[in-house]
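Shown next, in structure tokens, is the structure this report addresses.
Along the sequence shown, the residues carry numbers beginning at 1.
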Amino acid sequence: QRPAAGQSITFNVDRDGGVGGNTGCNVFGGEYTYARREFRIGDLIQTMRACEDPTPGFERDYLDVLRSATEFRVRKTMLFVEDKKTHRRLSFVQIFGRD
């Protein structure tokens, strides 16, 4: 599934264990852990704006993949976040420089 045209979807990861971003309608945030080669995102909080279709379906699926993700990989300027059990994956393009 892809976001609707013109939606700005973001996913930010910081070195201190925080994640956050924008689903195209709502903003979310939480924490992650990375141990024993396993990536896990903890509980996410999010704003509760009402969104026009098809955004709610995409937003739900997007956050579900983040919540169930067990692996992430970086390849050049791409970040891949994947739930290995369901084989659902998100891919992101780096748009800001590294700190």
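- The minimum heavy-atom distance linking Ile9 with Phe58 is given by the pair CD1-CE2, 3.6 Å.
- Between Gln46 and Thr23, every side-chain heavy-atom pair lies at or beyond the 4.5 Å cut-off.
- Rounding to the nearest 0.5 Å places CG of Asn12 at 9.5 Å from CZ of Phe92.
- For the side chain to side chain contact (heavy atoms under 4.5 Å, CB included) test, residues two or more places apart in sequence or in another chain that qualify with Ser68 are Asp83, Arg88.
- Scanning both residues, Leu44 and Leu66, for their nearest heavy atoms gives CD1-CB, 4.4 Å.
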Let me have the donor-acceptor pairs involving side chains of residues 25-35, under 3.5 Å, with sequence neighbours excluded, atom names and distances please.
from	atom 1	to	atom 2	distance (Å)
Asn26	OD1	Thr47	OG1	2.8
Asn26	OD1	Met48	N	3.3
Asn26	OD1	Arg49	N	2.6
Asn26	ND2	Arg49	O	3.3
Asn26	ND2	Glu59	OE1	3.3
Asn26	ND2	Glu59	OE2	3.0
Tyr32	OH	Asp14	O	2.8

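- For Arg40, the salt bridge (charged side-chain N to carboxylate O under 4.0 Å, His left out) partners are Glu38, not counting sequence neighbours.
- Partners of Arg89 by side chain to side chain contact (heavy atoms under 4.5 Å, CB included), not counting sequence neighbours, listed by chain and number: Arg73, Phe80, Glu82.
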